[in-house]
Visitor: 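Once you've had a glance at the structure underneath, I'll fire off some questions.
Just follow the structure's listing: the first ligand is 1, and inside any ligand the first atom is 1.
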Amino acid sequence: MSRKNQTLGEFIIENQSSFKYTSGELSRLINSIRLAAKVVNHEVNKAGLVDIIGAAGDTNVQGEDQQKLDVYANTKFIQTMTKRNIVCGIASEEEDDFISINSQDENHQNKYVVLIDPLDGSSNIDVNVSVGTIFSIYRRVTPVGTPVTIDDFLQKGNQQVAAGYIIYGTSTMIVYTTGDGVNGFTLNPAIGTFYLSHPDMQFPKDGKIYSVNEGNYIHFPQGIKNYIKYCQMEEGDRPYTSRYIGSLVSDFHRNMIKGGIYMYPKSSKNSNGKLRLLYECNPMAFIAEQANGKASDGFNRIMDIEPTELHQRVPFICGSKNMVEKAEEFMRNA
Ligand code: AHM
Ligand code: MG
């Protein structure tokens, strides 16, 4: 039973026995993410002070400019997990290919792979708007002790063992699930400790907020256009409020607390939308479902999609259950 004001460290130990597979390895892994989160948080909070903002000059595999802090966060999360010999493989939104860890050592027994978006919403960094880290954890499917393969990473979202995000907002929080509900922990920066501040988080079944980049309206499928018009219609508790930060973690977090729907649909410009199935959609979908919300590509459950490539994109509709189901109804009937 979770207690408010418990530290994240205490919570991890206390809940270790409720993990599906208990070996302490998953606890160590979440602990290492907690540690890297503090380091990255420290850097994110300094962004306006030091010469760390701005483009690093590289572009990532999707051809987008990488911000310096993306590079920093990517390095820190990978280093923390690699040096502590905690996982057997990592795939990152910022890396072209997955990383195999300890593949030379036949005795290594690590069972978990991590997929991570080290700093999502990074175009918001240099304007002092919240960004986040998203992570997703699976058990490897190939034999322990051998090098990981692509099959370990291309697993359906419904196989996730844990998923979570860190939000670097007005306060810094870790929100995660190991398949037994969703809990949120807020960092007390004075002493560097995360405390359980949001036990058993739940999406309200209905909501009044819709979050979508309406600048792309003209390119959206007819079903989404119709749903947006429905949100704006004066009837019952509508029109809904429009809120779009352009930082998935922040938009999701607000909608989970207040009730709402986030949409990044496909468009005539991006046939599969923008968001990545493995680094963004699956982990957020797992958290949403664990909090009684829903995540869909408009027609299918996100976590049932068979991944075909590491950097695959999918349309993403996620949030309060009744709102997502309404949007799906508009997609079906368009
Ligand atoms: P990123 O991984 O390059 O940061 O992109 C993901 C972000 C999401 O956080 C956000 O919801 C979306 O991109 C915003 O995209 P847009 O500016 O097209 O609305
Ligand atoms: Mg991202």
Side-chain angles (χ1 to χ4, degrees), residues 37 40 44 47 53-56 58-74 77-78 90-96 114-136 157 163-169 173 175 209-221 224 228 242-256 260-285 287-288 295 297 302 309-319 324:
V40 171
V44 168
I53 50 172
D58 295 333
T59 48
N60 69 6
V61 68
Q62 281 102 16
E64 297 150 340
D65 280 346
Q66 278 189 337
Q67 305 288 308
K68 277 185 188 172
L69 270 175
D70 299 26
V71 181
Y72 181 86
N74 189 42
F77 278 102
I78 291 176
I90 303 172
S92 163
E93 193 190 289
E94 301 295 347
E95 303 280 338
D96 295 1
V114 174
L115 294 99
I116 190 159
D117 183 353
L119 210 60
D120 183 68
S122 51
S123 63
N124 281 317
I125 293 165
D126 45 7
V127 289
N128 205 356
V129 173
S130 304
V131 288
T133 296
I134 308 171
F135 60 91
S136 170
Y165 59 79
I166 298 137
I167 177 166
Y168 311 98
M173 285 186 70
V175 174
I209 298 172
Y210 71 103
S211 315
V212 62
N213 187 341
E214 277 183 81
N216 294 327
Y217 183 87
I218 195 79
H219 301 293
F220 286 157
I224 295 292
I228 291 174
S242 165
R243 288 282 182 275
Y244 189 70
I245 298 169
S247 179
L248 172 63
V249 169
S250 317
D251 280 310
F252 178 99
H253 187 73
R254 181 207 50 242
N255 289 350
M256 179 159 62
I261 184 169
Y262 173 95
M263 297 181 282
Y264 210 108
K266 69 174 188 179
S267 70
S268 45
K269 281 197 302 193
N270 299 320
S271 56
N272 291 314
K274 175 184 184 191
L275 301 181
R276 291 77 168 171
L277 174 62
L278 298 180
Y279 310 107
E280 292 160 333
C281 304
N282 271 337
M284 296 316 247
I287 300 164
D297 68 356
I302 287 290
E309 52 180 308
L310 274 183
H311 295 282
Q312 183 175 346
R313 297 173 194 259
V314 286
F316 190 54
I317 301 177
C318 179
V324 173

Visitor: CG/Asn124 to OG/Ser130 distance, rounded to the nearest 0.5 angstrom?
Guide: 8.0 Å

Visitor: With backbone taken as N, CA, C and O and side chain as the heavy atoms from C-beta onward, which portion of Leu248 lies under 4.0 Å from ligand 1: side chain, backbone, both, or neither?
Guide: both

Visitor: Can you check whether Leu119 has an N/O within less than 3.5 Å of an N/O in ligand 1?
Guide: no

Visitor: Looking at ligand 1, does any of its N/O atoms fall within less than 3.5 Å of an N/O of Tyr262?
Guide: yes

Visitor: For the pair Tyr165 and Phe252, name the ring-plane relationship: parallel under 30°, tilted 30 to 60°, perpendicular over 60°.
Guide: perpendicular

Visitor: By the definition side chain to side chain contact (heavy atoms under 4.5 Å, CB included), identify the one residue from Val324, Ile209, Asn255, Asp251 that meets it with Ile261.
Guide: Val324

Visitor: Less than 3.5 Å between some nitrogen or oxygen of Gly121 and one of ligand 1, yes or no?
Guide: yes

Visitor: Do the side-chain N and O atoms of Asn74 and Ser92 include a donor-acceptor pair separated by under 3.5 angstrom?
Guide: yes

Visitor: Does ligand 1 come near enough to Asn216 that some N or O of the ligand is less than 3.5 Å from an N or O of the residue?
Guide: no

Visitor: At the Mg ion (ligand 2), what's the angle from Glu280 OE2 to Asp117 OD2, rounded to 10 degrees?
Guide: 100°

Visitor: Hey, are the side chains of Tyr244 and Tyr262 touching, using non-hydrogen atoms and a 4.5 Å cut-off?
Guide: yes

Visitor: For Gly246, take its heavy atoms, then give the atoms of ligand 1 lying under 4.0 Å from any of them.
Guide: 9 (O), 10 (C), 11 (O), 14 (C)

Visitor: What part of Val249 sits under 4.0 Å from ligand 1 if we count only heavy atoms: the side chain, the backbone, both or neither?
Guide: neither

Visitor: Have a look at the Mg ion (ligand 2) and estimate, to 10 degrees, the angle subtended by OE1 (Glu93) and OD1 (Asp120).
Guide: 150°

Visitor: Given Asn124, Asn213, Ile245, which has its nearest heavy atom closest to atom 16 (P) of ligand 1?
Guide: Asn213

Visitor: Any luck finding a side-chain donor-acceptor pair between Asp70 and Ser122 under 3.5 Å?
Guide: yes

Visitor: Give, for atom NE2 of His311 and atom CG of Asp96, the distance between the pair rounded to the nearest 0.5 Å.
Guide: 6.0 Å

